[in-house]
Asker: 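Next up is a structure, given as C-alpha cells.
When a ligand or atom number is given, it counts from 1 through the structure's own listing order. A quick note: this is a predicted structure, and the numbers were derived from the prediction, not measured.
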Amino acid sequence: MVVLSKPILDNLAQIKTCKPTSNIFTGIPIVDLSDTNAKKHIVKACQDFGFFKVINHGVSMEFLTRLETEALKFFKSPQQEKEKSGPPNPFGYGNKNIGPNGDVGWVEYLLFSTNPEFLSKNARPVIPGISETLWLNHYPACPSSELLQALSGRSLIGFGEHTDPQLISVLRSNNTSGLQICLRDGTWVSVPPDHTTFFFNVGDSLQVMTNGRFRSVKHRVLADSLKPRVSMIYFGGPPLSEKITPLSSVMEEGEESLYKEFTWCEYKKSAYKTRLGDNRLGLFEKSTNQ
Ligand SMILES: C=C1C[C@]23C[C@@]1(O)CC[C@H]2[C@@]12CC[C@H](O)[C@@](C)(C(=O)O1)[C@H]2[C@@H]3C(=O)O
Ligand SMILES: O=C(O)CCC(=O)C(=O)O
Ligand SMILES: [Fe+2]
C-alpha cells in the first residue's frame, strides 16, 4: 500500500490526470522560411492543422539557450523568492493556478506584457499593431517516486486542453516532450519536441478573421515524469479596440460571417470569464437560423 504525505495528496487532489497517449505525430507541417513557397505552406498548415513548425527562422541557438538558462535560473530559485514576483494579475509569477476561474495544472509560469506602452523602445514587438503577452512556463518533473506510484501509470496534466484566444502563438520549448494537439478527428497526438525550431498555432481570433478557414487548434501539455519542460510562448493579439471580423480578402462573394461582430477587448473580457477547456468562441458563433 502507498501511504501519501499531505503535500502530495494536496497536489494530486487539485491536478487532473489523463491516460498517457504515446501517439507520437510525425505529420506536423514543417515550414522552411528560406523556401520561396513558405507562404503557401503556412496557409495549408493553418487550414489542415492550425499548427506548424518553422525551421530556418534566423534566431540563433545561442540566444535561445541563453533565454532558457535565464528562465531556469528563475524557476530554480527558492519558492519564497519566486512568490515575490507574483501573483500574476495581470503580470508576474503564478504557480499551479491558471487563469481566474479555478483551473490548475502541474506548471509554474512567469507572465510578461509585450504591449508597447510597457516596453522600452528597443524591445518593442517586431510586428507593429500586434502585441500581447509573453509566457515562460516550467513543468517540473515529478518530484518523487511516491507521487509517481500514486499516479499509477496516468499522466499529470501540465496545462489543460484549450485553444488560444489570440491571433497566433509562437512557442519554443526545450527538448522535453509534453505538448499535444487535437486533430480534426478528435485524436490527441504528441508533438515531438524540437528545441531548434518554433511551433506556431492558430488562435480563435485568426479562425474568425478567416471565417473558419484556419483552425484554432485545441492543445494541452502533459507533464513528463522524468524531465522538466520549459517553454516560452509569445501570444500575438490585435489592439484592444480592433474589430475581429472575417477579412474581406478571404471571403467569397455572398459569403456570410459565421460569427457575430466583436472587438478583441470584448473577446478578451469574455474569455477571462471562462474555464480553460470551454468553447469560448461558441458564444460568438451565429446560430445557423439567424
Ligand atoms: C482559464 C483561463 C486561462 C486563460 C484565461 C482563461 O480564463 C481562458 C483563456 C486562457 C488562456 C489560454 C491561452 C494562454 O495560455 C492564456 C495566457 C490566454 O491568453 O488565454 C490563458 C489565460 C491565462 O492563463 O490567464
Ligand atoms: O507550455 C506549452 O508548451 C504550451 C502552453 C500553452 O499552450 C499556453 O500557455 O497557452
Ligand atoms: Fe495554449
Asker: Using distance alone, determine whether His162 and ligand 1 share an N or O pair under 3.5 Å.
Answerer: no

Asker: Output yes when Lys269 and Glu266 qualify as a salt bridge under the 4.0 Å nitrogen-oxygen rule, no when they do not.
Answerer: no

Asker: Indicate yes or no for a side-chain donor-acceptor contact from Asn56 to the backbone of Asp32 under 3.5 Å, with no hydrogens or angles considered.
Answerer: no

Asker: Using a heavy-atom cut-off of under 4.0 Å, does the side chain or the backbone of Ser169 touch ligand 1, or both, or neither?
Answerer: neither

Asker: For the backbone of Asp204 and the side chain of Ser216, can you confirm whether one donor and one acceptor N or O come within less than 3.5 Å of each other?
Answerer: yes

Asker: Please work out which of Trp135, Tyr109, Phe159 has its closest non-hydrogen atom nearest to atom 15 (O) of ligand 1.
Answerer: Phe159

Asker: Output the list of atoms in ligand 1 that are nearer than 4.0 Å to some heavy atom of Pro100, sorted by atom number.
Answerer: 7 (O)

Asker: Please indicate whether Lys218 has more than 12 foreign heavy atoms, meaning atoms of other residues, nucleotides or ligands, lying under 6.0 Å from its NZ.
Answerer: no

Asker: Answer yes or no: is there a donor N or O on one side and an acceptor on the other, between the side chain of Arg215 and the main chain of Val202, under 3.5 Å?
Answerer: no

Asker: Mind listing the protein N/O/S atoms less than 2.8 Å away from the Fe ion (ligand 3)? Waters don't count.
Answerer: His162 NE2, Asp164 OD1, His219 NE2

Asker: Side chains of Asp164 and Ser169: is there a donor and an acceptor less than 3.5 Å apart?
Answerer: yes

Asker: Can you confirm whether more than 12 heavy atoms, excluding those of Gln79, are under 6.0 Å from its CD atom?
Answerer: yes

Asker: Look at ligand 1 and say whether Arg280 reaches it with a heavy atom at a distance under 4.0 Å.
Answerer: yes

Asker: For ligand 1, which atoms, with element, lie under 4.0 Å from some heavy atom of Asp164?
Answerer: 13 (C)

Asker: Do Pro238 and Met209 have side chains that get closer than 4.5 Å, going by heavy atoms?
Answerer: no

Asker: What atoms in ligand 1 come closer than 4.0 Å to a heavy atom of Thr274?
Answerer: 1 (C), 6 (C), 7 (O), 8 (C)

Asker: Under a 4.5 Å cut-off applied to non-hydrogen side-chain atoms, are Arg172 and His195 in contact?
Answerer: yes

Asker: What residues form a side-chain contact (heavy atoms from CB on, under 4.5 Å) with Asp194, not counting sequence neighbours?
Answerer: Lys53, Thr196, Thr197, Phe199

Asker: Which pairs of N or O atoms, one from ligand 2 and one from the protein, are separated by less than 3.5 Å, and what is the distance for each pair?
Answerer:
from: ligand 2; atom 1: 1 (O); to: Asn137; atom 2: ND2; distance (Å): 3.2
from: ligand 2; atom 1: 1 (O); to: Tyr139; atom 2: OH; distance (Å): 2.6
from: ligand 2; atom 1: 1 (O); to: Ser231; atom 2: OG; distance (Å): 2.6
from: ligand 2; atom 1: 3 (O); to: Arg229; atom 2: NE; distance (Å): 3.3
from: ligand 2; atom 1: 3 (O); to: Arg229; atom 2: NH2; distance (Å): 2.7
from: ligand 2; atom 1: 7 (O); to: His162; atom 2: NE2; distance (Å): 3.2
from: ligand 2; atom 1: 7 (O); to: His219; atom 2: NE2; distance (Å): 3.0
from: ligand 2; atom 1: 10 (O); to: His162; atom 2: NE2; distance (Å): 3.0
from: ligand 2; atom 1: 10 (O); to: Asp164; atom 2: OD1; distance (Å): 3.3

Asker: Which of the numbered atoms in ligand 1 are below 4.0 angstrom from a heavy atom of Ile98?
Answerer: 3 (C), 24 (O)

Asker: List ligand 1 atoms under 4.0 Å from Phe235, heavy atoms only on the residue side.
Answerer: 14 (C), 15 (O)

Asker: Which pairs with one or both residues in residues 240-262 pass ring-ring contact (aromatic ring centres under 6.0 Å, His included), sequence neighbours excluded?
Answerer: Phe262-Tyr267, Phe262-Phe284

Asker: Under 3.5 Å between any N/O of Ala271 and any N/O of ligand 1: does that happen in this structure?
Answerer: yes

Asker: Less than 6.0 Å separating the ring centroids of Phe198 and Tyr234?
Answerer: no

Asker: Does Val230 share a hydrophobic cluster with Leu222, counting links as ILVMFWY side-chain heavy atoms below 4.5 Å and allowing steps through other members?
Answerer: no

Asker: Considering residues, nucleotides and ligands other than Arg66, do more than 12 of their heavy atoms fall under 6.0 Å from its CZ?
Answerer: no

Asker: Going by the atom numbers of ligand 1, which of them fall below 4.0 Å from some non-hydrogen atom of Leu276?
Answerer: 1 (C), 3 (C), 10 (C)

Asker: Number the atoms of ligand 1 from 1 as they appear, then name those within less than 4.0 Å of a heavy atom of Asp103, with their elements.
Answerer: 1 (C)

Asker: For Val31, which of Asn37, Ile42, Ile55 qualifies under side chain to side chain contact (heavy atoms under 4.5 Å, CB included)?
Answerer: Ile42

Asker: Do any nitrogen or oxygen atoms of Gln166 come within less than 3.5 Å of a nitrogen or oxygen of ligand 1?
Answerer: yes

Asker: Take the angle between the ring planes of Phe52 and Phe200 and call it parallel below 30°, perpendicular above 60°, tilted in between.
Answerer: parallel

